[in-house]
Amino acid sequence: MSDAEHRDNFIVDIIERDLARGRHDRVVTRFPPEPNGYPHIGHAKSICLNFSLAQRFGGRCHLRFDDTNPEKESMEYVEAMKRDIAWLGFDWGEHLYFASDYYEWLYDCAVALIEKGLAYVDSLDEATMREYRGTVTEPGRPSPHRDRSVEENLDLFRRMREGEFAEGAHVLRAKIDMSAANMKMRDPALYRIKKAHHYRRGDDWVIYPLYDFTHCLSDAKEQITHSICTLEFENNRDIYDWVLENLDLAPYESGTRPHQFEFARLNLSHTMMSKRKLLALVEQGVVTGWDDPRMPTISGMRRKGFTPASIRAFADMIGVAKNNSLVDLGKLEFCIREDLNDVAPRVMCVLNPIKVVIENYPEEQTETFDAPLFPADVGKPGSRDVTFSRELYIERDDFMKDPPKKYYRLSPGAEVRLRYAYIVKCEQVIENDAGEIVELRCSYDPDTKGGKSTRKVRGTIHWVSAHDAVDAEVRMYDRLFLAEQPSEQDEVNPASLTVLEGKLEAAAPSLEATHLQFERQGYFVHDPDGTADRPVFNLTVTLKDSWAKQTKASAPEPAKARPKPKPQEATARVVDPEDQAAADALRARHAGLDGDDALRLVREPRLAALFEAAAGAAPTHTAELAKWTVNEVAAATKEQSELAFDGPALAELVSLVADETISTRAAKSVLAELVEKGGSATAIVEAQGLDRMGDDALAKTIDEVLAQHPVEVERYRAGEKKLLGFLLGQVMRAAGGRADAKSTRQLLTKALG
RNA sequence: UCCGGCGUCGUUCAAUGGCAGGACGGAGGACUUUGAAUCCUCUAAUCGUGGUUCGAAUCCACGCGCCGGAACCA
């Protein structure tokens, strides 16, 4: 999967639209972490999004540390972030910024807001302030300090900065609206007093700006165009806009300032992403550190053997949307397997050894086989030597005393191929007093050298020679949490780490490869804990194992029953009697008006007024007018507080449709124009040439369209009737909205024979 | 309860009023000295009810469900 293959998402659409409309002439994004922990796979999604968006549009992406909360932040986290972003393959160039470098400027912005009467110093304590804020259903009340004079606010704010007051004594708040439906807009705090040491600014400051004030201004200062954050900030967008609109920020003309867009953060199954919990795991020593291979951190994943390409591919695969989704861990595993399949040389390593003695192989003899590092279909050169001798190790799982059906491996009296070597047969099983199998006695067939065989042997297993095998520590990892959606209370999986003493083929340690595939097992990576004498490997991901799946599947797996369609009854609508009366009155005045349409009009006075005015101008078309008002006009004017056109204009438009001067389709584009700029329907029709197409012209268009879509025509004629809709659509498009649907359908059906 | 957001195959993302499609998963098959990889085939979805339209996943209305919001965190 190449990096260039980025599927479109709604943010790409937004950017393309902004560029096309000239709202921006370039793209500048930013990745704005707070340095209060190690970046994890969730950050990776955002990093990939922001940086690749910038790449795609030839813009740039800033790395900005949003470091306004001195108590949690440190340089260690800054360094970790920089290292991991670079490792992922992204480059912020010279655009490394810190919100903590903006403190002086931010302070000036705050002063400017105070001078405009848009911010004030509040001296309520925290609990009281919360009380004053009201609840989701009740409006808040203004603080008694809300009307302090500009002079007093300026004075107090200056003294806050100078350290005159204790923490909590005052905060600076924006003066917005204490009864806003959006709780975030009820005079949010902008600055608080915090006498804490900042990891970069030391003790320079005793007041610190809050997120809602800092973020939008930092974006503006850096001339970010698209500020992309996660869904939980949706309610903060109003503040973002409010601050930028109320400060005169020199570099911006109206509309070119940054705008915030939200996407859904990554949720990964069986993965805990809460920073607090992650910190706790590290601090309590549940894991060995931020880079423990079981951690979802970038550094943990790197140590576990994930590659940058696999993580980028994953980010690409899961896409970007606004749905709250839970991505299955299997997708990540797919991405890393796919990448490693092409890059990891194959070697053999026996993880749970059982000794095998080849009884008919001479005691002192050894021989060497040449084994390729990659299978044929990967198509990479290279090989290593593997040595064969009388004493070997094979995997304990590859022998069964009483094998089930379809078990292709070794069992008493059965034959199996030792990869690259000989076919062997199990002659005898040696057990200890406890009944445990301690050794297998086998014979080999000298005619099968190199694994070649004239007879059919289903199974091939890996092995190593006992005399030169290298002891290796192999760390096998399983998911840290068993639950699909772990909560912070969940205990970690006790089997998340199993340390094995593996027997590795002799040639493996000298191979110059970070990642190795242990054949038939999985992908492994060197861990820095290893030494030349004693290598240590981490399991990155197992190979797919359809045998294991099959044996497990024999245990009944409850088929995921889907709670299928429970068709809901059409719920009886509760109609406000007053609305009903008003609707009845409306229907009495305008003959032919549909009951539901009347109700809808009554409930939206703006539409009702438009309808009344239109109906006055075209009293014979009330029914159509109502439909148009309720459906089309309602949709087109949702965002508008004031209409650019009046009732008579709408009446004119609807009449044009009614007397078949223009098609419905054309009428919709006329309406769009009306909504945008106002004017007269007839004039727009004339200006854009939207009058109905004559039958001759229509027939010609149909012929052209059919000629352009021979395949679809053929399929239609072969019986795929649904393609009529497609072809009809193509004709409508080709006709630029001038075709009438009914006659087009007739003519098209005829043309298709 | 108020405000905001979101509902499409098992999962995830597309379809911008015109053929519901891709990827992962799953099933089956081919091939196979990795029960891997590769290749082929199949599987399976528009939350519900009305409405607008020649045509609705998409527009309108009313429901239902899920997520977020009442920090001097970000």
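Here the structure is a predicted model, which is why all the values come from computation and not from measurement.
The phosphate of B/rC6 (OP1 or OP2) has no side-chain N or O of A/N324 nearer than 4.0 angstrom. Within the 4.0 Å cut-off from OP1 or OP2 of B/rG55, not a single side-chain nitrogen or oxygen of A/R745 is found. Phosphate contact (OP1/OP2 of B/rC13, side-chain N/O of A/S325, threshold under 4.0 Å): present. For A/R265, no side-chain nitrogen or oxygen approaches OP1 or OP2 of B/rC67 to under 4.0 Å. In terms of phosphate contacts, A/R733 brings a side-chain nitrogen or oxygen within less than 4.0 Å of OP1 or OP2 of B/rG18. A/K721 has no side-chain polar atom (N or O) that falls below the 4.0 Å cut-off from OP1 or OP2 of B/rG55. Phosphate proximity of B/rA74 to A/T68: present, with a side-chain N or O under 4.0 Å from OP1 or OP2. Contact check, A/K638 against B/rC60: a side-chain N or O comes under 4.0 Å of OP1 or OP2. OP1 or OP2 of B/rA37 has not a single side-chain nitrogen or oxygen of A/R337 nearer than 4.0 Å. OP1 or OP2 of B/rA74 lies within a sub-4.0 Å distance of a side-chain N or O belonging to A/R192. Between A/K194 and B/rC73, a side-chain N or O to OP1/OP2 separation shorter than 4.0 Å is present. Note on A/S546: a side-chain N or O is less than 4.0 Å away from OP1 or OP2 of B/rA36. Taking only side-chain nitrogens and oxygens, A/R133 never comes nearer than 4.0 Å to OP1 or OP2 of B/rA70. Here A/K722 does not reach the OP1 or OP2 of B/rG55: none of its side-chain N or O atoms lies under 4.0 Å away.
Using atom C1' as the reference point in both B/rC59 and B/rC54, the two lie 16 Å apart (nearest Å). The C1' atoms of B/rG18 and B/rA23 are separated by 25 Å, rounded to the nearest whole Å. Between B/rA57 and B/rC47, the distance separating the two C1' atoms is 12 Å to the nearest Å. Annotation: B/rC19 and B/rG55 have their C1' atoms spaced 13 Å apart (nearest Å). Comparing the P positions of B/rU58 and B/rA20 gives a spacing of 14 Å, expressed to the nearest Å. On the C1' atoms, B/rC13 is 35 Å away from B/rU1, given to the nearest whole Å. B/rG68 and B/rC73 have their C1' atoms separated by 16 Å, given to the nearest Å. Between the C1' atoms of B/rU41 and B/rG17, the separation comes to 34 Å (whole Å).
For A/G729 and A/R346, each mapped to the nucleotide of RNA chain B holding its nearest heavy atom, the one lying further toward the 5' end belongs to A/G729. Nearest-nucleotide assignment on RNA chain B puts the 5′-proximal partner with A/N235, out of A/P33 and A/N235.
Regarding A/D212, its CG atom lies at a distance of 9 Å from the P atom of B/rA74, rounded to whole Å. At whole-Å resolution of the value, CD in A/E232 and P in B/rC67 are 15 Å apart. Regarding A/Y523, its OH atom lies at a distance of 13 Å from the P atom of B/rU34, rounded to whole Å. Distance CD (A/Q260) to P (B/rG4): 16 Å, rounded to an integer number of Å. Here the C1' atom of nucleotide B/rC2 and the NZ atom of A/K184 are 15 Å apart, to the nearest Å. The CG atom of A/N9 sits 14 Å away from the C1' atom of B/rU16 (whole-angstrom rounding). For the pair A/R237 CZ and B/rC6 P, the computed distance is 9 Å after rounding to whole Å. Rounded to whole angstrom, the span from the CG atom of A/L231 across to the C1' atom of B/rA74 amounts to 15 Å.
Judged by distance alone, with hydrogens and angles left aside, the side-chain atoms of A/T448 form no donor-acceptor pair with the main-chain N or O of A/G451 at under 3.5 Å. The backbone N or O of A/V206 lies less than 3.5 Å from no partner atom in the side chain of A/R161, so there is not a single donor-acceptor pair.
Taking a centre distance below 5.5 Å and an interplanar angle below 30 degrees as the stacking criterion, A/Y211 does not stack against the six-membered base ring of B/rA74.
Side-chain proximity of A/E632 to the nucleotides B/rU11, B/rU52, B/rC19 is greatest for B/rU52. When distances run from any side-chain atom of A/T664 to the nucleotides B/rC54, B/rC24, B/rG69, the shortest one goes to B/rC54. The side chain of A/K406 approaches B/rG35 more closely than any other nucleotide in the set B/rG18, B/rG35, B/rA74. Taking the side chain of A/R520 as heavy atoms from C-beta on, and the options B/rG69, B/rG26, B/rG35, the nearest nucleotide is B/rG35. With distances taken from any side-chain atom of A/T460 to the nucleotides B/rG51, B/rU34, B/rG17, the minimum falls on B/rU34. Considering only the side chain of A/T137, B/rU1 comes nearest among B/rA27, B/rC19, B/rU1. The side chain of A/L723 lies closest to B/rC19 when the candidates are B/rC73, B/rC19, B/rA23. Across B/rA74, B/rU34, B/rA70, the shortest atom-to-atom separation from the side chain of A/N69 is found for B/rA74. Minimum atom distance to the side chain of A/I318 is reached by B/rU12, of the listed B/rA74, B/rU12, B/rG18.
A/K194 has no carboxylate O lying under 4.0 Å from a charged side-chain N of A/E167, or vice versa, which leaves the two without a salt bridge. Looking at A/R265 and A/E232, a side-chain N of the basic residue comes within less than 4.0 Å of a carboxylate O on the acidic one, giving a salt bridge.
Of the N and O atoms on the side chains of A/D187 and A/Y120, at least one donor lies less than 3.5 Å from an acceptor on the other residue.
A cation-pi geometry, defined here as NZ or CZ lying under 6.0 Å from the six-membered ring centre and within 45° of its normal, holds between A/K380 and A/F374. A cation-pi arrangement is not found for A/K322 relative to A/F263, the charged atom failing to lie both closer than 6.0 Å to the ring centre and inside a 45° cone about the ring normal.
With a cut-off of 3.5 Å on both Watson-Crick or G-U wobble distances, the partner of B/rA27 is given as B/rU41. If you check B/rG4 for Watson-Crick or wobble pairing at under 3.5 angstrom, you find it paired to B/rC67. B/rA15: no Watson-Crick or G-U partner with both key distances under 3.5 Å is found in any strand. Look at B/rC72: it lacks any Watson-Crick or wobble partner with both distances under 3.5 angstrom. Base pairing annotation: B/rU52 forms no Watson-Crick or G-U wobble pair, as no partner gives both donor-acceptor distances under 3.5 Å. The pairing partner recorded for B/rU34 is none, the criterion being a Watson-Crick or G-U wobble arrangement whose two distances lie under 3.5 angstrom. Remark: B/rU58 base-pairs with no nucleotide; criterion is Watson-Crick or G-U wobble with both hydrogen-bond distances under 3.5 Å.
Of the inter-residue distances, the one linking A/S325 atom OG with A/N323 atom CG reads 6.5 Å to the nearest 0.5 angstrom.
Separation of the A/H709 and A/F726 ring centroids falls under the 6.0 Å cut-off.
Tested against A/R337, the residues A/T540, A/T542, A/L543 include a single side chain to side chain contact (heavy atoms under 4.5 Å, CB included) partner, A/T542.
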